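Okay, so here's the structure we're looking at.
The figures that follow rest on heavy atoms only: side chains count, while hydrogens, waters and symmetry mates do not. This structure is a prediction, so every number in the text was calculated from the model and none was measured.
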Amino acid sequence: MSDTKPILESRIGKDSPFTFGQRFLENDDDVFNHNAWDHVPWGEEQINAAQELISKQYEHPVKDFDKKMYHANPAKYWDIFYRNNRENFFKDRKWLQIEFPSLYKVTAEDYQEKCTILEIGCGAGNTFYPVLNQNKNQNLKIVGCDYSKVAVDLVRNNEQFKPNNDKGVAFSSVWDLANPDNILPDDVEEHSVDIIIMVFVFSALHPDQWTHAVRNLERLLKPGGEILFRDYGRYDMAQVRFKKGRLLDDNFYVRGDGTRVYFFTEDELREIFCRGKMEEVRIATDRRLLVNRKKQLKMYRNWLQGVFRARETEGSEESVKDSEEQVVSVLAENLSETKIF
C-alpha cells in the first residue's frame, strides 16, 4: 500500500464516480500509518460517541434573541466571510471530474450541443472557473449564482469573466435559492438548465426554506436535467465538535463567523428532493477517517453526495402538493430520532 493516493489527474477516467478513494483500513493496528483512510465503517461505538457529544449541545443552545439575528440576514455573514477570506479559500475542485463526469462530458470537444450549467453557491468561482477553463463546447453557457454579493463580485472581477461574458458564455449574479417568490437567476429562463451544481450549499439553508428551494430548482431544470449535490452528513466531525452556544435547532448550527450549517442523512435527502418532479439517480455517503499521527487522534468525516434528475414527465399538481407537504414534515419526522440519545 502506497503512502499517498495517486494524484487526481492520474485517476480521472479510471476511478468510478462515488468510489471515494481506495485506501482501506484492514488492520486497526495500522490506523496511524497514514493520514487518512477511505470507507471506514461506523460501528455503534462511533455513533454512540457522536450522539453523546450532540446531546450535550442541547444544554447550551443559541439564545432565542441570537437565533433571530442569525436567521434575519444570512447573506450578511456570507458577505463578511468572503470579504475576510477572499485570498485564502480558493481551491480548484479537481475531484469534480471524477465524482461528476457529466460536467466534463458536456464541455468536451466532441460535445457541441447547447448546454447550460448553473452553479448555485458559486463562491469565488471554485467550480465555475475550472469548468470554464477546460471547456471546448462552443455552445456552453455557464452561470454562477450566490447569495453573497461579495462572492459574485469576486467572480465577476476575475480577468476571465468579461471576455467570456461578452461572448455570451459566462454569467454571474446574486440570487437567493430559497426565495419564496419563485424568482429565477438573471440570465436563466425557466426549465432551461441541463446541470445544476450544489456543493456545500443546501446545508446553509434553514429547514423551513427547503420547500421553496426545491420548488425553484424544479423550475430551473429541463426535463432530464440533473442536480450534482455534495454536502455535510450526520455525525460529521464538524457537527460533533460544536460547543456551547452553537446549536440553532436539531442538526442545525451557527459557526463562529455567523454562517449556518445543517447535517443531513441519506433518507432526508430522498424526502427533500425525490417526492415531486425529481428522482434519485444516486445517493451515497463518503466516510473517511482522518488521523493526527503526532497527537494520535482520530477524526471521522462524513459527507453526502447525490445526483437528482428532473423527471421527463411532470407529476400531477396533486402529487406536487403532496411533495411540498412531505418536505415540510421532514424535520418533525426526525425529531424523535434526533433527541433519543
Which atom of Ser102 lies closest to which atom of Glu226, heavy atoms considered: OG-OE1, 4.0 Å
Between the side chains of Asn137 and Thr107, does any donor sit under 3.5 Å from an acceptor? no
Would a distance-only check, ignoring hydrogens and angles, find a side-chain to backbone donor-acceptor pair under 3.5 Å from Arg260 to Ala204? yes
Verify whether one side chain among Asp146 and Ser148 offers a donor that lies under 3.5 Å from an acceptor in the other. no
Using a 4.5 Å cut-off on heavy atoms from C-beta on, say whether the side chain of Gln51 contacts that of Asn48. yes
Rounded distance [0.5 Å steps], CZ in Arg246 versus CZ in Arg241: 15.0 Å
side-chain contact (heavy atoms from CB on, under 4.5 Å) between Asn165 and Phe171, intermediate numbers included: CA-CA 6 Å; Asn165 179 254; Phe171 303 85; 3.5 Å; yes
When you measure from the side chain of Glu109 to the backbone N and O of Lys136, does any donor-acceptor pair fall under 3.5 Å? no
Mind checking whether Ile80 and Val155 sit in one hydrophobic cluster, side chains of I, L, V, M, F, W, Y counted as touching below 4.5 Å? no
Rounding to 0.5 Å, atoms CZ (Phe308) and CD1 (Ile196) come to a distance of 12.0 Å
Hey, any chance Val106 and Val281 share a hydrophobic cluster, counting ILVMFWY side chains that come within less than 4.5 Å of each other, even indirectly? yes
Pairing of Asp187 and Lys141 as salt bridge, 4.0 angstrom limit: no
Within the 4.5 Å heavy-atom criterion, are Leu177 and Cys145 side-chain neighbours or not? no
So does Asn182 get a backbone contact from the side chain of Arg219, meaning a donor-acceptor N/O pair under 3.5 Å? yes
With side-chain contact (heavy atoms from CB on, under 4.5 Å) as the test, pick out the partner of Phe242 among Leu247, Val261, Ile54. Val261
Where is the tightest heavy-atom contact between Gly245 and Val62, given as atom of each residue plus distance? O-CG2, 3.3 Å
Show, in sequence, the C-alpha distance, side-chain angles and deciding distance for Ile47 and Glu44, and conclude whether the side-chain contact (heavy atoms from CB on, under 4.5 Å) test is met. CA-CA 5 Å; Ile47 294 174; Glu44 283 191 26; 5.7 Å; no
Aromatic contact, Tyr70 with Phe252 (centres under 6.0 Å): no
Is it the case that atom CD in Glu189 sees more than 12 heavy atoms from other parts of the structure closer than 6.0 Å? no
Would you say the side-chain atoms of Asn164 pair up with the backbone N or O of Ala170, donor to acceptor, closer than 3.5 Å? no
Within this structure, what is the OH-CD1 distance for the pair Tyr129 and Ile142, rounded to the nearest 0.5 Å? 9.5 Å
Going from CZ on Phe273 to CD on Glu218, what distance comes out if it is rounded to the nearest 0.5 angstrom? 10.0 Å
Between the CD atom in Gln239 and the CG atom in Asn302, the distance rounded to the nearest 0.5 Å is 9.5 Å
Please tell me whether Leu103 and Tyr111 are part of a single hydrophobic cluster in this structure, the criterion being side-chain heavy atoms less than 4.5 Å apart. yes
Determine, step by step, whether Asn251 and Tyr235 satisfy the side-chain hydrogen bond (donor to acceptor under 3.5 Å, both in side chains) criterion, reporting the C-alpha distance in whole Å, the side-chain angles of both residues, the deciding distance to 0.1 Å, and the verdict. CA-CA 9 Å; Asn251 307 302; Tyr235 306 144; over 6 Å; no
Check for me whether the distance between the ring centres of Tyr232 and Tyr262 falls short of 6.0 Å. no
Can you give me the closest heavy-atom contact between Thr127 and Ile197, atom names plus distance? CG2-CD1, 3.7 Å
Backbone N or O of Ser203 within a donor-acceptor pair of the Asp231 side chain at under 3.5 Å? yes
Quick one: does Asp194's side chain have a donor or acceptor within less than 3.5 Å of a partner on Thr116's backbone? yes
If we only count heavy atoms from C-beta on, is the Trp303 to Arg301 side-chain gap below 4.5 Å? yes
Asn139 and Glu113 have their tightest heavy-atom pair at CB-O, 3.6 Å
Using only atom types and a distance under 3.5 Å, with no angle test, would you say the side chain of Asp79 pairs donor to acceptor with the backbone of Lys149? yes
All heavy atoms of Phe128 vs all of Val143, minimum pair found to be CE1-C, 3.9 Å
Can you hop from Trp175 to Val152 via hydrophobic side chains spaced under 4.5 Å? no
How close do Trp210 and Leu205 get, counting heavy atoms only, and between which atoms? NE1-O, 4.0 Å
Residues Asp153 and Arg156 bridged, charged N to O under 4.0 Å: no
What's the verdict on side-chain contact (heavy atoms from CB on, under 4.5 Å) for His71 and Leu248, showing C-alpha distance, side-chain angles and the deciding distance? CA-CA 10 Å; His71 294 329; Leu248 292 167; 3.8 Å; yes
With a 4.5 Å limit on heavy-atom distance, are the side chains of Val193 and Leu217 in contact? no
In Å, rounded to the nearest 0.5 Å, how long is the span from CG of Leu221 to CG of Asn216? 11.5 Å
Is it the case that the side chains of Gln134 and Tyr104 hold a donor-acceptor pair, with the cut-off being a distance below 3.5 Å and no angle test? no
Salt bridge flag under 4.0 Å for residues Glu268 and Arg234: yes
Derivation and outcome, side-chain contact (heavy atoms from CB on, under 4.5 Å), residues His212 and Arg215: CA-CA 5 Å; His212 291 304; Arg215 187 183 296 131; 3.1 Å; yes
Count I, L, V, M, F, W, Y as connected when their side-chain heavy atoms are under 4.5 Å apart, and connections chain through other members. Are Val214 and Val188 then in the same cluster? yes
